[in-house]
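First the structure, in the form of structure tokens, and then the observations on it.
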Amino acid sequence: MRWSRIFIPTRKEVPKEAESVSHKLMLRAGLIEPQVSGVYTYLPLGWRVLKKIQKIMRREMDRIGAQELLMPALTPSSIWKESGRWEDYGDEMFRLKDRKESEMALAPTHEEVITTIVRNHIRSHRSLPQIWYQIQTKYRDEMRPRGAVLRARTFIMKDSYSLDQDETGLQKSFSLHEEAYRRIFSSCRLKPVEVRASSGLMGGSNSKEFMVISESGEDRIVNCPNCGYSSNLEVANLLPTPVNFENGKLKKVGTPVEGSVDAISRFLNVPPSKLMKSLLYIKKDKPVWIVIRGDYEVDEEKLKKEFKGIRIATQEEVKEVAGASVGYVSPIGLNLPVIADLSIKQGLGFVSGANEDYYHYTGVDPNRDLDMKKFVDLRKFKKGDLCPECRTPVEWKNAIELGHIFKLGTKYSKAMGAYFIDENGEKKPIVMGSYGIGVERIMASVIEVSHDKNGIIWPASIAPYQILLINLNASDSKGVALCEDLYRLLGEEFEVLYDDRDERAGYKFNDADLIGIPIQIIVGSKGLKKGMIEIKNRKTGEIKKVVSKEVKEVVKKIWGNL
RNA sequence: CGGGGUGUAGCGCAGUUAGGAUAGCGCACCUGCUUUGGGAGCAGGGGGUCGGUGGUUCAAAUCCACUCACCCCGACCA
């Protein structure tokens with residue numbers, strides 16, 4: 001393809017909305033064009049990259065015996081009502097009505113559609129197992145799209161679904177996908193970490209995410225440098241930092257300062273971790289105490305998940321229940337239910353409110369002095385928290401979620417009636433798995449981990465073109481003739497983009513580095529005087545000078561080593 | 001949905017505090033000449049509902065009200 005003919009709107013300046021590296025470079029390199037928030041056109045160069053990623057996906061899915069099909073994006077509400085996700089998906093599902101006023105949805109994922117096909121056709125264990133996949137556009141009305149294609153409202157997903165007789169079969173299909181995914185990512189030169197994850201709306205027992213470490217990632221993952229434990233922060237079960245305090249007798253002391261953890265710990269000259277924070281909540285109109293170590297905060301989301309409809313008490317309610325102001329209160333002596341965060345479990349000799357303004361207790365032993373109903377993990381994790389396997393402090397990283405694989409089990413087959421008859425003549429629900437990879441996220445992640453100050457550096461496997469032939473001087477007839485020859489010759493074996501534009505050299509060099517094609521072949525008057533042509537490796541910057549006859553051979557050699 | 005920010009030419013911005021003449025600048029675009037190895041120079045030119053609606057005023061990009069869009073943080077989520 002000649003650059004003078006292909007549409008690649010590169011730019012020097014970036015629209016100000018772009019924040020992440022990949023967002024900026026995708027706009028600057030002319031890969032994508034925004035339509036509305038979270039919706040993008042893939043321009044010719046970007047689409048070539050996405051098609052190459054899809055080709056790799058097809059190759060690897062086919063390798064594990066999966067079959068490609070294509071399901072509709074437009075779906076009737078009835079199937080979502082059967083599974084319960086018409087409600088569960090909430091505002092994130094794009095909904096519409098057809099001319100007959102029937103409710104429809106643009107599918108955000110395809111478990112329901114797959115299950116309708118399965119229940120119509122799979123009757124016998126003889127038809128199992130199956131793995132079906134598609135590469136298709138998904139629609140999700142995200143609360144907050146961000147980072148261009150990193151979190152979009154329409155995006156391309158490779159999603160596959162496995163059908164098995166039992167858990168053993170599911171485990172096998174799951175392992176096949178793990179293998180296929182590792183191959184796909186490694187073909188794209190990505191090295192994702194695999195972490196435990198939340199199944200969320202998908203349901204099921206077990207799920208695993210493939211995450212690429214990147215500053216632009218919106219997920220937090222924690223990773224243990226000692227034993228390899230790794231998890232998405234949202235499902236991690238980290239241990240609090242250890243404390244070791246002496247026990248003591250309950251003693252009331254005057255604390256004539258502000259009641260904050262900070263002020264009290266400074267006044268009494270003890271670390272914040274020696275304080276026991278007591279927070280009054282209201283659950284079903286009844287007061288309940290939550291106690292947590294002073295150096296931690298309550299994670300409101302964990303709390304709400306654990307106790308539906310709970311809310312923090314007002315200052316007036318605290319005064320009424322405890323007889324003192326916030327900051328000087330605790331459950332001690334109040335005979336009310338107490339829920340303790342795990343951080344309290346190992347503690348002794350705590351400082352806590354005495355239910356009188358400007359007084360605290362020291363030497364609090366929670367087991368002795370409180371009526372604790374139970375210990376629950378309610379704290380917001382913080383850096384320094386320990387690995388649950390080996391008690392080493394974990395590392396925190398931002399990451400981009402590239403793929404997520406789920407053991408769904410029988411959630412959908414039971415809800416929607418997808419049963420088969422096993423070899424004993426018994427009717428059983430089909431055991432399902434669901435597996436997704438974001439196609440655009442691979443493109444963005446590659447840019448995040450493979451770029452320099454001049455632009456993108458594509459790995460050979462997904463580069464939009466393999467070779468960029470640059471004619472530095474479009475008005476030099478000798479150079480033009482040579483370039484035309486090279487263009488034809490190299491085109492026999494490579495995907496060549498030929499920069500034949502009548503632009504200045506600097507302009508072309510900058511464009512070349514920006515769009516990041518792995519091999520640049522530079523034809524310019526400086527080299528031609530000595531009969532030499534330059535071959536530049538975009539990644540290493542290494543330049544080889546060769547005579548024109550040798551170009552193809554040298555390029556083949558370099559390409560083989562990319 | 002909560003908090004913050006931004007809307008002026010295709011892109012980046014100034015002008016808005018303190019209302020006032022034809023709304024500016026850089027890049028990009030068009031024409032011509034000169035240039036030609038890391039985003040050229042000179043000369044000329046085109047391009048604007050100042051996000052929208054309503055109001056205040058002799059006069060609104062500028063003040064007021066409402067509204068829309070986009071971005072960032074949070075919440076939520078694959």
Side-chain angles (χ1 to χ4, degrees), chain A residues 9-20 23-24 27-28 30 33-39 85 88-93 107-111 138-148 150-153 155 157-159 195 197-204 207-211 216-219 232 234-235 299-302 304-305 380 399-406 434-441 453-455 470-476 479 501-514 520 522-529 532-534 536 541 543 545:
Chain A
T10 58
R11 27 180 151 191
K12 200 156 61 169
E13 288 173 305
V14 207
K16 61 172 178 291
E17 70 261 20
E19 191 73 17
S20 64
H23 191 175
K24 285 179 186 162
L27 288 171
R28 285 195 54 212
E33 174 77 8
Q35 184 61 242
V36 292
S37 178
V39 179
R85 291 207 291 186
D88 292 349
Y89 239 106
D91 291 336
E92 208 168 308
M93 186 145 72
T109 173
H110 278 75
E111 284 75 16
K138 299 285 185 266
Y139 298 84
R140 296 186 188 177
D141 195 358
E142 293 290 343
M143 284 175 177
R144 181 148 101 79
R146 68 186 105 179
L150 280 181
R151 188 174 209 82
R153 296 197 295 170
F155 62 99
M157 181 189 262
K158 188 293 301 166
D159 48 325
V195 304
S198 155
S199 302
L201 266 180
M202 305 295 282
S207 90
K208 182 191 237 184
E209 287 170 330
F210 294 78
M211 310 287 261
S216 303
E218 51 183 340
D219 282 284
N232 195 309
E234 62 189 14
V235 294
D299 187 324
E300 292 284 329
E301 294 313 314
K302 284 184 184 174
K304 278 183 204 153
K305 243 175 229 170
K380 211 175 261 178
I400 299 166
E401 178 192 350
L402 289 180
H404 198 160
I405 57 182
F406 301 85
S434 162
Y435 316 85
I437 301 184
V439 177
E440 298 93 329
R441 279 187 181 179
K453 66 176 183 353
N454 296 322
I470 307 170
N471 183 8
L472 285 188
N473 190 345
S475 56
D476 172 36
R501 296 173 300 172
D502 188 11
E503 293 289 351
R504 299 172 61 80
Y507 189 91
K508 292 190 174 192
F509 282 134
N510 283 318
D511 262 358
D513 288 347
L514 177 60
Q520 297 173 11
I522 301 157
V523 177
S525 48
K526 205 162 103 183
L528 284 181
K529 272 182 207 152
M532 300 302 256
I533 288 161
E534 291 160 39
K536 179 179 160 189
I543 293 173
K545 294 181 183 173

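Residue numbering restarts at 1 for every chain, and letters A, B, ... go by the order of the sequence lines.
Nucleotides B/G19 and B/C64 place their P atoms 11 Å apart, quoted to the nearest Å. Comparing the C1' positions of B/A9 and B/A23 gives an interatomic distance of 11 Å, to the nearest angstrom. Here, B/G26 and B/G15 have their C1' atoms 15 Å apart, quoted to the whole Å. Across the C1' atoms, B/A28 and B/C71 are found 24 Å apart, a figure rounded to whole Å. Using atom C1' as the reference point in both B/G24 and B/U8, the two lie 10 Å apart (nearest Å). Atom name C1', nucleotides B/C63 and B/C73: the rounded distance is 31 Å, in whole Å. For the C1' atom pair drawn from B/G32 and B/G52, the interatomic distance equals 42 Å after rounding to whole Å. Separating the P atom of B/A14 from that of B/C70 is a span of 22 Å, rounded to the nearest Å.
The nucleotide B/A69 finds its pairing partner in B/U6, both defining distances of the Watson-Crick or G-U wobble pair being shorter than 3.5 Å. Remark: B/G74 base-pairs with B/C1; criterion is Watson-Crick or G-U wobble with both hydrogen-bond distances under 3.5 Å. Searching all strands for a Watson-Crick or G-U wobble partner of B/C63 with both distances below 3.5 Å returns B/G55. Pairing for B/G48 is absent, with no Watson-Crick or G-U wobble pair whose two atom distances lie under 3.5 Å. Across every strand in view, B/G32 sits in a pair with B/C42 that passes the Watson-Crick or G-U test at under 3.5 angstrom.
Heavy atoms of A/Gly455 sit nowhere under 4.0 angstrom from any nucleic acid atom. Counting any heavy atom pair closer than 4.0 Å across all strands shown, A/Glu218 reaches no nucleic acid atom. Backbone-only engagement by A/Met202 is indicated by non-hydrogen atom pairs under 4.0 Å involving sugar-phosphate atoms exclusively. No contact: A/Asn454 has no heavy atom under 4.0 Å from any strand. Counting any heavy atom pair closer than 4.0 Å across all strands shown, A/Lys536 reaches a base atom. Base engagement by A/Glu13 is indicated by at least one non-hydrogen atom pair under 4.0 Å involving a base atom. Here A/Gly403 lies out of heavy-atom contact (under 4.0 Å) with every strand. No contact: A/Lys508 has no heavy atom under 4.0 Å from any strand. A/Asp513 comes within contact range of at least one nucleobase, with a heavy-atom separation under 4.0 Å. Among the protein residues, A/Glu142 comes within range of the nucleic acid bases, having at least one heavy atom under 4.0 Å from a base atom. In this structure, A/Gly436 reaches neither bases nor backbone, as no heavy-atom distance under 4.0 Å exists between it and the strands shown.
Across B/A75, B/C13, B/G38, the shortest atom-to-atom separation from the side chain of A/Phe509 is found for B/G38. Here the side chain of A/Ile522 is nearest to one of B/G37, B/G12, B/A78, namely B/G37. Of the candidate nucleotides B/C27, B/C70, B/A78, B/A78 has the atom lying nearest to any side-chain atom of A/Glu401. Here the nucleotide nearest the side chain of A/Arg146, chosen from B/C13, B/G74, B/G37, is B/G74. When distances run from any side-chain atom of A/Glu17 to the nucleotides B/C71, B/C13, B/A78, the shortest one goes to B/C71. Here the nucleotide nearest the side chain of A/Arg144, chosen from B/C71, B/A78, B/G74, is B/G74. Checking B/G39, B/U6, B/G37 against the side-chain heavy atoms of A/Asn510 singles out B/G39 as nearest.
Proximity of A/Arg504 to the phosphate of B/A40: a side-chain N or O atom is located under 4.0 Å from OP1 or OP2. The side chain of A/Ser475 places no N or O atom within less than 4.0 Å of a non-bridging phosphate oxygen (OP1 or OP2) of B/U36. Between A/Arg11 and B/C27 there is no side-chain N or O to OP1 or OP2 distance below 4.0 Å.
Between A/Gly479 and A/Leu528, the shortest heavy-atom contact is CA-CD1, 3.8 Å. The minimum heavy-atom distance between A/Asn471 and A/Lys508, with the atom names listed, is O-NZ, 2.6 Å. Closest non-hydrogen pair, A/Ala152 versus A/Gly38, comes out as CB-O, 3.4 Å.
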Show your reasoning for whether side-chain hydrogen bond (donor to acceptor under 3.5 Å, both in side chains) applies to A/Glu209 and A/Ser207. CA-CA 7 Å; A/Glu209 287 170 330; A/Ser207 90; over 6 Å; no

Where do A/Lys536 and A/Asp513 land on the salt bridge (charged side-chain N to carboxylate O under 4.0 Å, His left out) test, with the steps shown first? CA-CA 10 Å; A/Lys536 179 179 160 189; A/Asp513 288 347; 3.3 Å; yes

